[in-house]
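Reviewing the structure listed below.
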Amino acid sequence: SAVISQKPSRDICQRGTSLTIQCQVDSQVTMMFWYRQQPGQSLTLIATANQGSEATYESGFVIDKFPISRPNLTFSTLTVSNMSPEDSSIYLCSVEDPAVYGYTFGSGTRLTVV
Amino acid sequence: AQSVTQLDSQVPVFEEAPVELRCNYSSSVSVYLFWYVQYPNQGLQLLLKYLSGSTLVESINGFEAEFNKSQTSFHLRKPSVHISDTAEYFCAVRKSDKLIFGTGTRLQVFP
């Protein structure tokens, strides 16, 4: 199955700053997905990142707040911009993995905004 | 539209007891259903999935789930739980190439 390397694994950031999270996959994938998991909550899809096109954002998420890059078929970044304490969450990337007929997730980035 | 409902936010059980974690979905088209497990301070792991074929699917660690089209359910079961099964369990449905998650069920196994 696909192996996803996500970093940083955790960070503590000052409000008003930005953090870029990286996601590297060991195989080429068409779509990559970014999720947010707020404390004690389930996973909410932020956006779908396709190589060579703009990311598609879900309702309630906007590009200015969560800009996404997808420069090639194995890599993507998610930036959390102008952070506030409400952005404290775990952010996860995911890919559809044909090898397991399912979806594989990165280990997540635990973000705390102070 | 497709959505997933997990009615139980927490399920406390004693070790070696059976457990059922409930999941219902709403869909007007073919469904692909998944159960993921999240151990404390870890990422998500695929536990099992239903894509087609046999309605009973099993995982390597003793969990099983049955796809029931008439009841639109995909409940997760284990006949005898271990302390190590303590985790958050998420049911999910595939929608337009994306995974939509239920709210999760916290399984707490007590000795």
Side-chain angles (χ1 to χ4, degrees), chain A residues 1-10 21 23-25 29-51 53 55-61 68 89-112, chain B residues 1-10 21-25 30-54 57-60 63 65 67 74 87-108:
Chain A
S1 62
V3 177
I4 300 176
S5 174
Q6 186 175 340
K7 57 182 181 182
S9 59
R10 59 178 62 231
I21 302 167
C23 186
Q24 178 77 50
V25 190
V29 294
T30 303
M31 289 185 288
M32 296 180 75
F33 307 92
W34 287 99
Y35 287 84
R36 180 177 72 183
Q37 186 178 22
Q38 295 177 298
Q41 304 293 317
S42 184
L43 283 78
T44 302
L45 182 63
I46 298 172
T48 302
N50 293 317
Q51 192 267 336
S53 64
T56 303
Y57 289 82
E58 298 298 310
S59 176
F61 297 96
I68 288 172
S89 295
I90 298 173
Y91 293 86
L92 301 102
C93 66
S94 175
V95 302
E96 186 171 13
D97 190 350
V100 298
Y101 295 99
Y103 295 77
T104 299
F105 285 79
S107 55
T109 297
R110 185 179 295 271
L111 170 62
T112 302
Chain B
Q2 292 177 321
S3 66
V4 180
T5 302
Q6 292 181 250
L7 292 173
D8 307 304
S9 60
Q10 296 186 61
L21 307 184
R22 295 181 292 171
C23 173
N24 288 89
Y25 67 92
S30 298
V31 292
Y32 300 114
L33 294 159
F34 305 82
W35 276 100
Y36 281 83
V37 59
Q38 187 177 36
Y39 296 104
N41 298 313
Q42 295 189 28
L44 264 73
Q45 300 175 31
L46 178 63
L47 190 59
L48 45 76
K49 59 185 178 286
Y50 171 78
L51 304 179
S52 64
S54 174
V57 290
E58 299 177 349
S59 71
I60 58 174
F63 282 94
F67 171 64
F74 190 55
E88 190 85 21
Y89 292 80
F90 295 97
C91 185
V93 63
R94 176 177 166 158
K95 173 186 177 183
S96 301
D97 297 326
K98 301 176 289 190
L99 270 187
I100 306 300
F101 285 86
T103 50
T105 298
R106 170 93 176 141
L107 175 63
Q108 180 72 55

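Lettering follows sequence order; numbering is per chain, from 1. Keep in mind that the numbers below use all heavy atoms, side chains included, and drop hydrogens, waters and symmetry copies.
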- Report the option among B:Ser9, B:Ala92, B:Gly104, B:Gly102 that has the most heavy-atom pairs separated by less than 4.5 Å from atoms of chain A.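 Heavy-atom pairs under 4.5 Å are most numerous for B:Gly102.
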- Item | Among B:Asp97, B:Thr103, B:Asn41, residue most engaged with chain A (heavy-atom pairs, under 4.5 Å) |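 Most heavy-atom pairs under 4.5 Å with chain A: B:Asp97.
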- Atom CD1 in B:Ile100, atom CG in A:Leu45: separation rounded to 0.5 Å?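 Output value for this atom pair is 6.0 Å.
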- Value rounded to 0.5 Å, distance of NZ in B:Lys98 from OG1 in A:Thr56: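 Between B:Lys98 NZ and A:Thr56 OG1, I get 7.5 Å after rounding to 0.5 Å.
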- Item | Heavy-atom pair count under 4.5 Å with chain B, highest-scoring of A:Ser94, A:Ser42, A:Ser1 |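 Going by pairs under 4.5 Å, I would pick A:Ser42.
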- May I ask you to test the B:Leu44-A:Leu43 pair for a side-chain heavy-atom distance under 4.5 Å?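 Yes; the side chains approach each other to less than 4.5 Å.
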Does any heavy atom of chain B fall under 4.5 Å from the side chain of [X], the backbone, both, or neither of them?
{"X": "A:Gln6", "answer": "neither"}
{"X": "A:Ser107", "answer": "backbone"}
{"X": "A:Tyr103", "answer": "both"}

- Query: What about A:Tyr35 and B:Phe101, are their ring centers closer than 6.0 Å?
  - Reply: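 Aromatic pair counts; centres sit under 6.0 Å.
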- Query: Do B:Tyr36 and A:Phe105 have ring centres separated by under 6.0 Å?
  - Reply: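 Yes, the ring centres sit under 6.0 Å apart.
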- Can you tell which part of B:Leu51 gets under 4.5 Å to a heavy atom of chain A, answering side chain, backbone, both or neither?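 Contact with chain A: side chain only.
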- Query: Does any heavy atom of chain A fall under 4.5 Å from the side chain of B:Lys49, the backbone, both, or neither of them?
  - Reply: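 For B:Lys49, the contact with chain A is made by the side chain alone.
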- Message: Take a 6.0 Å sphere around OH of B:Tyr39 and say whether it holds more than 12 heavy atoms from other residues, nucleotides or ligands.
- Response: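 Yes, the 6.0 Å shell around OH holds more than 12 heavy atoms from other groups.
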- Would B:Arg94 and A:Glu96 count as a salt bridge (charged side-chain N to carboxylate O under 4.0 Å, His left out) if you check the C-alpha gap in whole Å, the side-chain angles of each, and the deciding distance to 0.1 Å? CA-CA 11 Å; B:Arg94 176 177 166 158; A:Glu96 186 171 13; 2.5 Å; yes
- State which residues pass side-chain hydrogen bond (donor to acceptor under 3.5 Å, both in side chains) with B:Thr105; sequence neighbours excluded, sorted by chain then number.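 Applying side-chain hydrogen bond (donor to acceptor under 3.5 Å, both in side chains) to B:Thr105 gives B:Gln6.
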- Return the set of residues passing side chain to side chain contact (heavy atoms under 4.5 Å, CB included) with B:Glu88 (not counting sequence neighbours), or none when no residue passes.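 With neighbours one apart ignored, the set is B:Gln38, B:Phe90, B:Arg106.
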